[in-house]
Amino acid sequence: MATTHAHTWKFFRSGGLDQVLLETDADIRNLHTLDQKLWVALSCPVKGLELSEKTLALIDTDGDGRIRVPEVLEAIKWSGERLKDLAVLLSDQPGLPLAAIREDTEEGRAVLASARRVLTNLGKDAGPQARIQIEDTADTHRIFAGTGFNGDGVITEKSTSDEELRKTIADVVAVEGGEADRSGTSGASQAKIEAFYADLAAYSAWSARGTDAGILVAGDSTADALAALQAVRAKVDDYFARTRVLSYDQRAAAAVNKPEAEFAAVANKELKGSGEEWASFPLAHVEPGRPLPLLEGINPAWASALANFHASAVAPILGAHRDSLTQEDWTLLCTKFAAYESWLAGKPAAAVEKLGVERIKAVLARNAKDELLKLVEQDKALEPEAKAIANVDRLVRYQRDLGVLLRNFVNFGDFYDPRYPAIFQSGTLFLDSRSCDLCVRVDGPSPLAAMSKAYIAHCDLSRNGATLKIAACFTQGDSDFLFVGRHGIFYDRQGRDWDAVITSVVENPISIREAFWSPYKRFVRMIEENVAKRAAAAESESNARIANAADKTANVDKAKPVEPPKKVDVGAVAAIGVAVTGAVSALTLILGYVFGMKAWQYPLVLVGLMLVISGPSMIIAWLKLRQRTLGPILDATGWAINGRVKINVPLGTSLTHVANLPAGSVSMREDPFEDKEAKRRKRTLVAFLVTLAVVAVLIRLDRVERGHYFWQKPPAEQPAPVPASSPTPTPAAPPAATTP
């Protein structure tokens, strides 16, 4: 994107990074002209940030779960059409002043009118000095609680003062189901009203056909008569089918009347008064062409049902004197009820029936369909104003959150400002006598985070069944006691406490001081490990010897050949002697060098030795601390970081705090549980080392005075030099040997 020079930008440098400064309305309105290479971030996720997800969702116009530069610019443009001065987005004052809304644009006037209506509906001041809060716009139920019309096309009982219409609206909701109104109550829409009256019409037409005399064969008792017939229909059909079988062949008499064995099996049981044990038997004794008796000689299990059938269906149609039915009578009865059954089967599946016949007649008599639909149209007419209320909510959210997003997207002003935490900082972790403020919510460990050169502890959080994962960056102190399994407490930005446990660590230097001591700590750890290994080996050997001794004791009575004495290995003895001699010689040589130095050289040698040991670790730590950056950590969580957001030593010191006694506090240094014996041994060792150093100095001074160490022979005196001009004396001849 090309950068124009119509606007003069200001930049501030923080963390070694040049970042654009956003202070004025012009700064924000001209962001579209700023080269994107100068933006600190190019995209960020909607979730996992300490910023309202609802606000971020409004900015995320394509709904892909990510905020990108064009969407940020579009949010600024949208706000600019409705606000007089975009600098209000950078204000920390709560709420949007109504005076900040533009009146010279159509969009601004609509938002201003809606904002005033919201405050009025809530019973608040809507004057020029008023402010509207997110709490005022977030709950639309409260906004429209006292209104009858709210632009959603749903009417409620509050939409009219006509009592009959209010009852009809309640009937529509009861029959067809209500739709949620913006006020939070259930109401009726146009579709529901039309469906209600369509169901009423269908039910009314169906009910009218039911008054036909050809259908109501038993008058007003036709429904009861049909129910009585249907209760015995299957058994009556069964009876006449059996009579037809016997008319065909009387040899089936025993089979169709049930075998005697089945009668005996039932009779052997304790019978009940209702005779229900006989329910599967025929209605009456089956004979060829025999009519079905209805009152006498019938199956006791069906006596009551047949008596009801006789009274409800047979008597009204065939006469009360008929106490039996032939096959033709039964067929006639079924035919007469067929029309009524067909009418019942055509009953519309409508819930209006539950209103009752009288209420249905009253509703149809009023026929208030057109009146209800006019109320719906009256409500829909307010739809633009209701939508403007949604824009009020959006603008109020932008006033609170868009400026914060800009300070964490265009630049990282909040991250480098100790007054404000960045939106990716999810809280504070307390662990190992430290509080760590740079905690980022993550999905899990990522190899990319290791590229930050920061010491990262990945932690699992849990609270009341909920779980989270964070990456905590430790930027002060040491890492001696930061290991997997350690527990701590995490406080999120809302002040809620979570149990935290370290699950993995990314090891990097925390400070140069830690790097200086790390070789010595590693050396001590190696000694401890070797001692532990040797102790374990010695214990194992001791156990083996004990087991061997026990075995010998248990088998003392058994003869064992005497082993010949082992011979001394002369070569081994010689090798040991050579080794001891070499060690003594090396020690003598080293002591000679040490005691041969001058007194002022000792501190320099000590410092040089420490630099040789600690220097490489300190250099590596210095290089990594210079490269420590936040970018890879955020990239691992879904950000697209454009600049190198460095975490130098001063910034790191402000992000992790170590435990310090409060100013002015009094510390009682006497420890009742102090190991005094260990303290005495420590003092003795220090005194011994100091004495040894003093002795070494005294020996050195003595050598300077003597010209040799006291354990060495004095140097031999050299003969006086002979002058060059003196003749060389002739040596005297040895005396002649005497002969004995």
Side-chain angles (χ1 to χ4, degrees), residues 1-44 49 51-52 55-56 58-59 61 67-109 111-112 115 128-134 391-392 394-423 642-643 645:
M1 179 183 296
T3 304
T4 64
H5 300 283
H7 178 68
T8 301
W9 297 100
K10 294 181 182 179
F11 288 84
F12 68 96
R13 189 167 183 82
S14 188
L17 179 66
D18 290 324
Q19 305 177 56
V20 68
L21 186 63
L22 300 177
E23 293 181 311
T24 65
D25 173 82
D27 290 336
I28 301 176
R29 290 186 187 273
N30 285 281
L31 264 179
H32 67 282
T33 68
L34 181 66
D35 192 338
Q36 287 188 25
K37 294 189 290 295
L38 297 175
W39 291 48
V40 174
L42 298 178
S43 72
C44 71
L49 303 179
L51 199 64
S52 170
T55 304
L56 293 174
L58 292 172
I59 300 173
T61 53
I67 304 296
R68 295 183 174 84
V69 173
E71 292 170 325
V72 174
L73 296 177
E74 181 60 32
I76 292 173
K77 178 182 177 182
W78 187 92
S79 302
E81 294 170 348
R82 292 160 177 82
L83 292 175
K84 297 176 181 177
D85 188 348
L86 288 181
V88 73
L89 301 177
L90 305 174
S91 172
D92 292 333
Q93 295 295 323
L96 173 65
L98 297 188
I101 302 176
R102 297 179 66 169
E103 298 184 60
D104 59 338
T105 64
E106 182 179 348
E107 295 85 358
R109 287 191 295 271
V111 168
L112 182 59
Q129 303 303 318
R131 287 177 176 267
I132 186 166
Q133 313 280 345
I134 288 182
N391 286 340
V392 174
R394 182 178 182 180
L395 188 60
V396 174
R397 289 183 177 276
Y398 280 6
Q399 185 273 332
R400 184 191 67 177
D401 298 331
L402 185 54
V404 178
L405 179 63
L406 296 178
R407 293 196 301 268
N408 291 268
F409 196 98
V410 180
N411 60 44
F412 266 19
D414 282 359
F415 178 64
Y416 288 107
D417 190 335
R419 296 175 300 170
Y420 307 104
I423 60 175
N642 193 33
V645 186

Separation between [atom1] of [X] and [atom2] of [Y], rounded to the nearest 0.5 Å:
X      : Y     : atom1 : atom2 : answer
Leu73  : Arg68 : CG    : CZ    : 13.5 Å
Phe415 : Ser14 : CZ    : OG    : 9.0 Å
Ile28  : Leu86 : CD1   : CG    : 5.5 Å
His7   : His32 : NE2   : NE2   : 10.5 Å
Lys77  : Arg29 : NZ    : CZ    : 12.0 Å
Leu402 : Leu58 : CG    : CG    : 11.0 Å

Is the shortest heavy-atom distance from the side chain of [X] to the side chain of [Y] under 4.5 Å?
X      : Y      : value
Leu83  : Tyr398 : no
Asn30  : Trp9   : yes
Asn411 : Leu21  : no
Ile76  : Leu406 : yes

Using modelled atom types only, decide if a donor and an acceptor are shared between the side chain of [X] and the backbone of [Y] within a distance under 3.5 Å.
X      : Y      : answer
Asn642 : Trp39  : yes
Arg82  : Trp78  : yes
Asn408 : Ile423 : yes
Glu81  : Thr105 : no
Lys84  : Glu103 : no
Arg407 : Leu22  : no
Asp417 : Gly413 : no

Might you point out which heavy atoms bring [X] and [Y] nearest each other, and give the distance in Å?
X      : Y      : value
Asp401 : Ser52  : OD2-CB, 3.5 Å
Val645 : Tyr416 : CG1-OH, 3.0 Å
Glu71  : Thr61  : OE2-N, 3.4 Å
Leu405 : Cys44  : CD1-SG, 4.4 Å
Phe409 : Val72  : CE2-CG2, 4.2 Å
Asp18  : Phe11  : C-CD2, 4.4 Å

Quiz: residues 88-97 side-chain donor-acceptor pairs under 3.5 angstrom, not counting sequence neighbours:
{"from": "Ser91", "atom 1": "OG", "to": "Gln93", "atom 2": "N", "distance (Å)": "3.0"}
{"from": "Asp92", "atom 1": "OD2", "to": "Tyr420", "atom 2": "OH", "distance (Å)": "2.8"}

side-chain contact (heavy atoms from CB on, under 4.5 Å) assessment of Leu112 paired with Leu98 = CA-CA 7 Å; Leu112 182 59; Leu98 297 188; 4.1 Å; yes
Should the heavy atoms of other residues, nucleotides or ligands under 6.0 Å from CD of Gln129 be counted, would the total exceed 12?
-> no
